[in-house]
Every structure is written in structure tokens, then in C-alpha cells.
Amino acid sequence: MSDETSIESDIEAAIRENHPALITYITAGDPSLEDTKEYVEALDRGGSDLIELGLPFSEPIAEGPTIQAAINRALDAGTTPQGFFELVDDIETEAPLLVMTYYNMILQYGSEPDVKPFVERAAEAGLSGIIVPDLPAEESEPLRAACDDHGLDLVFIVAPTTEGERLETIMSQVSGFAYVQARLGTTGARANVSGATHDSLARLSEYDVPKAVGFGVSEGDHAAEIIEAGADGVIVGSALIDLIASSDDPSDAIDALEAKAAELKRGARRGTENEADEEVAPEPEQP
Amino acid sequence: MSDETSIESDIEAAIRENHPALITYITAGDPSLEDTKEYVEALDRGGSDLIELGLPFSEPIAEGPTIQAAINRALDAGTTPQGFFELVDDIETEAPLLVMTYYNMILQYGSEPDVKPFVERAAEAGLSGIIVPDLPAEESEPLRAACDDHGLDLVFIVAPTTEGERLETIMSQVSGFAYVQARLGTTGARANVSGATHDSLARLSEYDVPKAVGFGVSEGDHAAEIIEAGADGVIVGSALIDLIASSDDPSDAIDALEAKAAELKRGARRGTENEADEEVAPEPEQP
Amino acid sequence: MSTERERDGKSSRTGTFGDYGGQYVPEALMPAVQELEDAYERYVLENEDGFMDEFRERMREFGGRPTPLQRADRLSERYDREIYLKREDLLHGGAHKLNNALGQVLLAKYMGKERIIAETGAGQHGTATAMAAAHLDMPCEIYMGRTDVNRQRPNVYRMRMNGAEVNPVEAGSGTLKEAINETMRDWATTVERTHYVIGSVVGPHPFPKMVRDFQSVIGTEARKQIQEQASRLPDSVVACAGGGSNTMGTFHAFVPDEESAEPRSADDSSGQSPREHVDLYAVEAGGSSLEIDEDEGLAPNSATLSTGTDGVLHGAMTKLLQSTEGQIMESHSVSAGLDYAGVGPELSHLVETGRVTPASVDDEVALNGFHRLSRLEGIIPALESSHALGFLEEAHEDLGDLVVVNVSGRGDKDLETVLEETEKRDLAAAPDVEVFDQ
Amino acid sequence: MSTERERDGKSSRTGTFGDYGGQYVPEALMPAVQELEDAYERYVLENEDGFMDEFRERMREFGGRPTPLQRADRLSERYDREIYLKREDLLHGGAHKLNNALGQVLLAKYMGKERIIAETGAGQHGTATAMAAAHLDMPCEIYMGRTDVNRQRPNVYRMRMNGAEVNPVEAGSGTLKEAINETMRDWATTVERTHYVIGSVVGPHPFPKMVRDFQSVIGTEARKQIQEQASRLPDSVVACAGGGSNTMGTFHAFVPDEESAEPRSADDSSGQSPREHVDLYAVEAGGSSLEIDEDEGLAPNSATLSTGTDGVLHGAMTKLLQSTEGQIMESHSVSAGLDYAGVGPELSHLVETGRVTPASVDDEVALNGFHRLSRLEGIIPALESSHALGFLEEAHEDLGDLVVVNVSGRGDKDLETVLEETEKRDLAAAPDVEVFDQ
Ligand SMILES: Cc1ncc(COP(=O)(O)O)c(C=O)c1O
Ligand SMILES: Cc1ncc(COP(=O)(O)O)c(C=O)c1O
């Protein structure tokens, strides 16, 4: 891959071209796949530059309570990988789509435990990349190979504990963007931006790859702060799911999601303005 | 003592002279000491030749449920050794009285653990003997000495398991009469006379001492059978206590007790008549 | 287990310890008691037919002996001296009780008995006996007071699971004393084919000696272990005392370790100086108070050795909680296994002669002892054993530099009681129990 | 604990057993997992700073090791072959779990960690961890599903008594799977100063190997003991399997005892012929049925080795109970400790290669196994262990002349469950449970 990272992917392009980028996440099937379609389109309208769609897995060990609950709603609604892909087949957005799911879901797609059928189907459905919260670089070889074969990005997470040799290895394999985990712990909306975020971005500043920060981002002001601190994008999930979960009728959430995306995108932009005071926003280096 | 057994005691005399003898037992203080006085006099009128009065002890390990319950009633009514002796001081009967109690009650009477004060007071109250269900011959030395000093009989129990050397030792020390335990187990009215009774009496037939059979005797017919089998007396307790326990008003039991004593005495006599067919009733050998 | 026989074997008052002991039982039981005396001498004292070899092997394989002697790191730090715990809580069944139960059931088998009966209070002796009887294929019936049956359900279940019958005793207050009375009654009825497995160093001779001998493995092991681990004898040995079986079991090997004693015989393989002195502390249940309510016949404690007077109960002359008239008191302790108005005659004797120091701690001190060991050492002790641990907290300054405490059993059986009793009090050592009701 | 390191130490896929194992954890945990790997290699494999010496000493003194290997007289008679029981029920805490918990808490201490977390299902691993943490003075928090908290109260109390916090997990069905998920989340948050004590041979490398190594004392002792007591190796070794820690702990020393294996190295001090073959049986919970209800996501069993398919759960590739889409099933067993949808990767591998034979018995057979051991041998086994005993009843004819069964724990914790489940059924081996409500 190291030679392939030189070819800019849809995802990398989406981040660089729309800098500062907004990446949004919702869980597919929460509360139904039909609703998800409308929500994704709303997020797209609201200004998302990249959209992550969660394929629910019964043991979401990296998620906090908000996304756990969304996953349970999606599973209770009977969401399956097949239904998920059909949804993706159907969706029309400007923003490229990624799938976020756990490794076992990828392995079990198809008749044998094997990653290839999933990747093939993901490519066919038009997905641009995959994020797997329980797949560290050390175990990612088979999936990365399959993604390469089908031109999909395999996005790696960089945690506050990722340092030294491991950080180098991971950064040398980044495809799409580096998912910078804002803090230790699980996903979930937080009231502030953690110090760890600043530390991580500082640690990563020497690497010339797009960096997007997730885990806990819930407001426009967070987005501004994060972008200002040197990120290329912000990733927001739980804050959006809160909107879905709190709407009396599923369709009520559509406008709220669009508005929230817009607020976050504005916030991110504010970050660039402030940041612009200090240094010029990085330009895509390779066209 | 072996030389003292040649002097006939009140108790031995009461049995030999009234052969076949009726020995009755009730618990002092059940349901009150006043009632006990009346009951004892009734038993005396009914034909008792010897009366055992139980001084209640909290752990009556040799008693069955009937006498246990009587003891509990007596203790609940506040029966004390002092009250017991005052009752005995007061009672006028033809039949000699014995006290039946557990060893600890004897030991604790007086200021130090010592058997003497109890025996002294018993003699003073006019009691003729003592029966202690938890004092085997091996542990009886101190009490026997005290009894000898005060001319009281210490009555030993001969159980179905008492055999061989132990039987000899006990029989050589008998004072008053041998209390023949009719069966293994505890006191309590039974519906029949056990085979063990016949075996025990046969085993004892060579010893020339009065033998009275207790544990389970409840009816005139039992008395007859036992006397016929060679006993000199029958001991009845639980069957009398049943009468006390079942009477609505304590004074109702008085007549019943008298009548029951008379029935038992008649039964015992019937035993002698049948027995007379076979052999002559033993006569007191030493006047 | 050595010269006792000659001393007590055939005297006219067998089985006494000074003024204590004896055989105060109904005549019907005397032949059985003498038969047992004979079996005890042959099988236990003289290892006839390899009885003791089989006993020891079964205690190893079935029981889990030897139990460890553990240095208690955090208690040692807390008390600024070396504290070692003898871990009888690790014995099969969860208490020292199996040492005795297995010994007696095996002896009954050697004697040709066909049936086992036993009393139980909290259920520890009953469960140990039921386990031993199942292991040795003997029918078994356990008498247990109705009150105890109701409040010690898990132990009732355990006995039933092991195939024993459990007979609730309705008399009196439905606790241990009544259960013993009732077992004696059963024995008096069935004595020819039945052995009565008494649960402590109480009852008529030979029970106090025999039970002590079966339990003496505790102290024999501990004495050897402390010499190996600390290279000397302890300054003090502490054990709780109900009837006193874990107490005598722990103390027996140390009784000769007196400053004033004759030098140990030359074949003492320990190689230790004979002049090391070991203090022995028997810790009884102080209950809620050491005062006695004579009118009610209640002692709100079981501190027999400290406050009792001489008398006869359940076959032996010993110290008792009794009224001046001789009625036995209802004793009380938060710990059911210590809740008994009597105590072993040998212990009475050793207290009388000054060799053993009696002590007592109240319910609250014991509960704190329970919590302290649980939190500091990760060992949940029986409430009985917690009395020894409570005493350690109170008296450690007087116990010298090296102390052995016997943890006679584990506390799983006591959890409900401890929770209830803890909720009523403000205990220094307890975790916050309210949040347990999550 | 020997040559594994060289084989797996530094390959790109560390910690695999054939196709199984691995490190499927969130990136945030990888540094901790690697730090643990390093600590495992240094302290456990190389005994750095005398770690293993201290571990072994504490297991002796605190834990009560060695546990006996007991000839089961009445089972031997029943099955007309020699049956030996490895008595892990006698370990402190009442199950083999302490071997692992103490090892990991001690390791955490050596690593300079300040806090211990663990998941628990039935509460056995939680209580073992809480005991070990109290013993070693480490703050400890236990995650336990809400359903389990409610049905395993005594174990909740025990953990609290030992000073541990118990955090109920409200998610999902509130059982073990959810508790593991939640503990992983805590770990992902606090990983720098916290060690996660996993309760079985599951999870990411190095847990499966490390837990196996801590547990392997079971089989090491048993192998030595059977050679001493029966003068040869057993024909079969039987252990129950949930996650598989008692299983691997028992089997590990016997794995090389294969007919086809290379002769043992010359320094094998046993002096045994290398060609004796020992069959290994892992007995899983058959629950009420081996059928799976895909629609409901329910497996009414936990027979992962017999019926599972390969997948990734809780950090490792292994056999799982899962839907064809990859969702993990709710498993079921009458025994909470076996009620898990995964199994240790090494066991999956040994089953795949034919070295270990998987088996399962259903709830009823296990309950009969529980009652049978209780009544015949006076040992009340854990319901988990009762599966191994149920299998013995069913399959003894195929197990050869000399069989070792691991009794992984005691059944005190299971009494209520057994009573309830027994009342529903007509069990051949059960006592009459109705009369328990005297
Ligand atoms: C654990 C434990 N320790 C001590 C005792 C008290 O008995 P003893 O004084 O005979 O050792 C008991 C009695 O049940 C007990 O269960
Ligand atoms: C006594 C006992 N045995 C077995 C098990 C199953 O675990 P494993 O398969 O890891 O030995 C447990 C789990 O709680 C247990 O408590």
C-alpha cells in the first residue's frame, strides 16, 4: 500500500478538497433502513463531506452508551448486512460513504469466514472505505489486501496511546485519512475537547496525511477548536444519534440532522478562520 | 454400702410390703406447685406405693416429649429447688416420696458445686430417695456417699444394654430397688410392653432385689404383663402427665389421676394372680 | 495421643481433666460409651488395623490436608508484628469440623456401626458429618433446632444434597442445646447400631479426648509450619472457642511449650530449645454483654470460660452458663457456632490451671474482625473465627512478636447474618453495605 | 511455559494457535496488550524478579496449593474403573479461578499498575479477583451483568466484603458477554494505569497463553500425583469447558502425552515411557438442546466447540456461537460459569487438530452429575464441574481404566439453582427436594 497511498482516494480527496471536512456517523437501521436513507441524505445536504454508516454488531466494545443503544435499535429492527448493502445501493449522496463495523461482521459475510466477499460487495455498493474499531494494524493484513484489490480505503484509528514505533507503522499505512481518537475510552458526545486531542494532533503534525478527529465531538465550537488545533476534519456520531433517539417520530429527525451538520460544518470553518491567523490551511500536495 | 443394703430402707419396704407395687411419677410444678400437691395426694389415694416427684431441669435428655413438655410447663411456672422442697415439706402421703432430677440440679444446690446440701435438704424434707437419670454408677460415688450419710436410697437404672460386669457392679450397689428400663430410648407412654422388658427381667431374675419396670408403661394391662413377667413393681409417668396436660382446668386432673393409679394398681394385682399360677410371689427375705 | 491412656485408662473416674470431664450419661448409653472408649484406645491411640493411617490419608486426599500456615502481610503491617494464619477455612466443607467428623465416621465404620447421627447448630458440624458419611457410605441423620433450620437454609440443603436426613427439633428455643438433647435421645434408643458423632470436644469421655485428637492435626501442622517459616515457636496462639474443638485442636501441640515445663523428650525432632514459652488464648463470644439475666434464663453471650461456673451438661463436668439453681442458660452470639452454654472440659481445666488464657470479644468486635480480614487479606472468615481476629485487634500489643491465629472456617455461610448485623451498626471496618441493594 | 516464546514471540501475528487467537482489540488497547505481552514474557516465562516464585508461594500459602488428587472410591466402584478427582474445589474461593486471578493481580503489581478491573458472570472470577486484589492491596472494580447481580447475590456480597466495587451492567441480557464488553470499555478508558484481569483463556494474546500458564498448575500437579498414586498416566482426562481455563489448565501438562508424539525430552524426570497416550475430553454445556434459534439469536446451549463456527469475539479468533451473519448468540446453560458464546482459541485449535475431543452434556445430565457426586462422595461440585461428572456417567465405558476428572469448583454457590432446577424435573440421582421445605 505504501506506494498506493500516493494515489489519492475518494476519501482523501473529499477531505482535502472540502477542508475543513465534516465527517458524520449514524447507525444503519436505527430506527429503520428507510429512515437511515433519509437521514444520510439530510446529513449530505447539511454539509457532510464524508459519511460513515454503521453496520450494527451485537458486541460493540468500542462504543459508548449512545451508539450501543442505536445498534440495539437497529438489530431489533432486523438490520442485516444484506439490507445494509441494499440501502447503500440505493443512497445518492455527494459525500462518499464509508462503512464502520466490527471485524466479525466482515469475516462472516459469505459462506466461509473470509473478508473478501464483504469487501467485494462493499465496492459493488459504492462504498469508499471501511473502518473497523476492533482491528488493529497488526491484524489487518487480510482485510487491507482485499481493500486494495477493490480500491477501498481501510481507515486506521490513532489513539492517544498510539506512540513511537507503532505510530510510525500505522501512519505509514494510512489510507484515506487518520482517524484521530480524541480521548481514551469509547464513543459518545462530550461537553469539551480533551487535552489528549491537542497532544495527539501535535504528535501527528509531522505526518502529511489528512487527520480527522472523532470521539466526543458534539458541537460547532468543538469542531472549531479541533480544526484550529490542526485537524483536517471532525467526526461526529453520538451527537447526531441523540437527535434521532430524541425525536418522537423518525421523520422529525431529518431536519434536525441537516441543521446539526450545518452547525458543525460552520464550526469547523470557524476553526479554519482562526487557524488561518496562524498558518495557511494545508493544500492538497498531490493533485 | 454393700453392708448397708442389708438394712431395708423405706423404699424397699414399700415395694416388698405392697407387692406388686405401683410407682407413680409426675413433674413438680406442672402446672403449679399447688396443683402438684393435690396430684400427689390423689396418686397416693389411688394406691401408689411410691411416688417419684420430678424436680425440673432445663436439659432433660432422658425424657420423651411428654415429660419434656411437663418440665417446660413447670419451669415456665417458676419452679425452683427451694419451692420444690417446700412442697415436699408440706405433702402428707402414705407412700414414700423420691425425687427424680438431673445431676446438675443436685450439684448446684447450695453455694458451691457439691451434692451434700441437696441431699441434706432432701432428707430434711422427708424424701426417701433420689433417682438421677444422667448419673451412671461410675460417677455416683459422691452422691452415694451423701445419700448414705442421710439414709436416702440412690436408685440405679438398669437398661436393656446393661449386661455382664457392669450389671453385676450395679446390682451389688442397688439401694431401694432396681429401676428396670423397659426399652431403649426415652420415657413416654407406649402402646405395648417391649420384648426388652422380658429379657431384662430374665437377666435380673437371679438377683434378689426389688425390681420395678418403667419407660412406656401406660395401662393396667401393661402393669399386669410386667408383674407377671417377674417384676416387683411398675413405674408410670407419662401416662399420668397426659392426664394433667389434657385437663382443661388443673383441678379436673385430680380425680383422673386417682382413678388411673387405681387402674394401674389393679392391673399390677392381676399380674400377681396370673403369676401366682406359676410361682409364689417373693416374700421379703429379711424382716 | 501418647501417655494419656495409661493415666486415664482404667481409673475409677475415667476421662477426667483435673476436676472436669467424666461420663454423666444415662445408663443405657454407658455400654456404648465404654465400647467407644475401647475403640478409641485401640484404633486412635494404637493405630490398630492402620486406622490412623487411613484417617490421615483420607484427610489428605478428601479433606485437603495439610492446610497452609499463611503469613498475613497486611495484618502484620497493621499490628507491627508477625501474624500467621492457620487456614482451616480451606478444609473441605469450609471449616475444621471435618477433621473430627471424618475421624468419627471412620471409627464408627471400624466399630461395625451401621448408622450415624449428629447434632448441629449453625450446620457446620452437620454438613461436615454428612460429607464424611456420604464419603464413607454410611446412612446419616442430623438433628437441628427448628430456629437453626430456618435461619441456616443453605447448610440444610448441603446436608440433604449429601444424602443425610435432617430432623428439625421443635423443642425449646430450637437451637444447638435442644439439638444435642434430641440426638442423645435418638442415641439412647438406637445405641446398639448407631454412632453419635459429637461436634466438639464436649460430651462424655472419650469424646473430649477423641475429638481433640482428631483435631490436633491443626496444631501439629501449625507448630511444624511456624518453625519452618519463622524458624521459631510463636509467642502466642489464638483460637476462638465455642465447644472448643478448633481451640483444643490448635492448642494441643503447644500445651507442652511452657517456660516452666520439663524439657521436651530427646526424640523431639524439632531441635528447638524446650524453654520457649507459647501463650494460648481462647476467645469466646462476648455477645452483646457479659451480664446474665437470671430471671429470663438468658446469657447474652457464650463466654463460658470467663464467666461460667462448674456443673454438668451433656455428659461432662465443665464450666457452664447456668443459673444459681443449675438451669442451663440460653446463650447468645452473633455467631451460631459459638452459641453454646458449655465448653470442653479439658479447656476448663487448662483455664483453671492457668495454661490457657480465656478472653472474649463482643459481637461488634467480631464483626469488625470479619470485615477487616475480608478487606485486608482477601479471606472471608467464619463469624466464629472472626472472634479470634477481633481479639487480635484488641490485644495485639500483649501477644508478642510472633502470633498464630487459627482461622477455623470460612464465612460464606455468614454473609446474610453479617449484612444484617452490619446494617444495624456503624462498624469501622465494614464496607458501605447499603449500596449492596443495588 | 517453555518453547512457546520462541515460536510465537515476535512473528507478525503473535499469539496464535493455528488459525486461532490473535489480538483483535481497539487501537487504544494495543499498547497495553503489548506491554502485557512483554511483562508476560519477562515475569511469567522468564521468572524475572522471582515473579513465578512469589506466585507459587502465594498460591501455596494463600491459595492452598497443591490441591489433592483423590481416588473416588464409590465412583470407581460404580464405573468399574479407577476414577480420580482433581480437587480444585478446595482452592481458596472455591474454584480454580484463583490460580489465574492471583497470577494476574500479582503481575499487574509487578507492572506498576494501580487498579484492577474484571468481568464476572456467575461471580466466581469476580470473587477470586476481589480476593486476590484484597490480598495484594490493589483497588478493584468488577463488572457484572444486572441479571447476574440479581441472581448471584452471595457472590456480590463476597466481592463487596473483599472491598471491591461491583458495577452492574444494564445492557443487553445483563450477563457475562455484556460484562466483558463493559470491562473492555473501562479498560479502553483507563488503560494506562489499569490491568484488566480476564477470567478465562480468552481475549487477545497474551491472555489465552498467560491464563493457561497460571492455570497449568492443575495438570502439572495432577500428572505428578497420578503417577505417584496410580503409578502411571491416566487413559483419559476430563474437564468442563466454558471459556476453557480449567480445561486448558488441566490439559496442558498432558497435551504432549500422545501416542504419536516425539519422545519426551531426556530431562523429563517422570521416568515414564513417552508413549503412553492420554485422551483429553472437554465437556461443554449442552443446555436444553443443541439446536440454535437463529431468528431469536438464541443458542439454548454453550456447546461452542461442538457446534460453533470460526469468528472473532473479545479479541481473538476462535469458535463461536453466532448467526450466519456474525451476530453473537445469547448462549444458555443451567450453569452460569459455562454460559458463554465463545471459547479459548487454544482449545479451538486442539479440537481442530484432534488432540482434544469435544463433548457436551445437557442440563439434566449435569444436574444428575451434581447430585451423584454429592451423595456418593460427599463433595458438592460446582454446576460447571458437574458437566464433567455427567459426561463420566454417560461415557465411562470409552474412557479406559484410569480416568482423571477435574472438579473445577465447589457447588455452594449453586444450591438455589440446583433446588429450583431439580424441582422442575424427575432426576434419577436427586434426593427428595420437596421435603426441604420442612
Ligand atoms: C468455623 C467454626 N469455628 C469454630 C466453631 C466453634 O466450635 P469449636 O469451639 O468446637 O471449634 C464452629 C462451630 O460450628 C465453626 O463452624
Ligand atoms: C467452578 C467453575 N468451573 C468452570 C468454569 C468455567 O470456566 P473455564 O471454562 O474458564 O474453566 C467456571 C466459571 O465461572 C467455574 O466457576
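Side chains included, hydrogens not; waters and symmetry mates left out as well; all remaining heavy atoms used. In this text the structure is predicted, and so the values were computed from the model without any measurement. Proteins get letters first, then strands, A, B, ... in listed order; numbering begins at 1 in each.
Heavy-atom distances place no part of D/Thr190 under 4.5 Å from chain A, backbone and side chain included. Interface residue A/Tyr103: only side-chain heavy atoms are found under 4.5 Å from chain D. Contacts between A/Gln68 and chain D at a heavy-atom distance below 4.5 Å involve the side chain alone, from C-beta outward. Contact of A/Leu135 with chain D is made through backbone and side chain together, with heavy-atom distances under 4.5 Å. D/Leu320 touches chain A through its side chain: at least one heavy atom from C-beta onward sits under 4.5 Å away, while N, CA, C and O do not. Residue contact with chain A, scored on non-hydrogen atoms closer than 4.5 Å, is absent for D/Glu178. Interface remark: A/Ile106 contributes no atoms to any contact with chain D (heavy atom separation under 4.5 Å).
Listed by sequence position, D/Pro26, D/Glu27, D/Ala28, D/Met30, D/Pro31, D/Gln34 are the residues of residues 26-35 of chain D in contact with chain A, using a 4.5 angstrom heavy-atom cutoff. Using a 4.5 Å heavy-atom cut-off against chain D, no residue of residues 189-202 of chain A qualifies as contacting. By a heavy-atom distance cut of under 4.5 Å, A/Pro113 are the residues of residues 111-120 of chain A near chain D, going up by number.
Under the 4.5 Å side-chain criterion, counting only non-hydrogen atoms from C-beta, D/Met111 is in contact with D/Leu36.
With chain A as partner, the option from D/Lys177, D/Arg185, D/Glu170, D/Glu325 having the largest number of non-hydrogen pairs under 4.5 angstrom is D/Arg185. For the set A/Pro56, A/Gly64, A/Gly185, the count of heavy-atom pairs under 4.5 angstrom toward chain D peaks at A/Gly185. Per-residue counts of heavy-atom pairs under 4.5 Å with chain D were compared for A/Thr161, A/Leu107, A/Leu75; the largest is that of A/Thr161.
Between D/Glu346 and D/Lys209 no salt bridge is recorded (no basic side-chain N to carboxylate O distance below 4.0 Å). Here A/Lys37 does not pair with A/Glu34 in a salt bridge; the nearest charged N to carboxylate O distance is not below 4.0 Å. Using a 4.0 Å cut-off between charged side-chain N and carboxylate O, D/Asp19 and D/Lys319 make no salt bridge. Using a 4.0 Å cut-off between charged nitrogen and carboxylate oxygen, A/Arg166 and A/Glu138 count as a salt-bridge pair.
Residues passing the side-chain hydrogen bond (donor to acceptor under 3.5 Å, both in side chains) test with D/Tyr110 are D/Glu54, sequence neighbours excluded.
The aromatic rings of D/Tyr340 and D/His314 sit parallel to each other, their planes meeting at less than 30°, with 60° as the upper class boundary.
Considering A/Leu204, A/Val213, A/Val209 in turn, A/Leu204 is the only one that fulfils the side-chain contact (heavy atoms from CB on, under 4.5 Å) rule with A/Val158.
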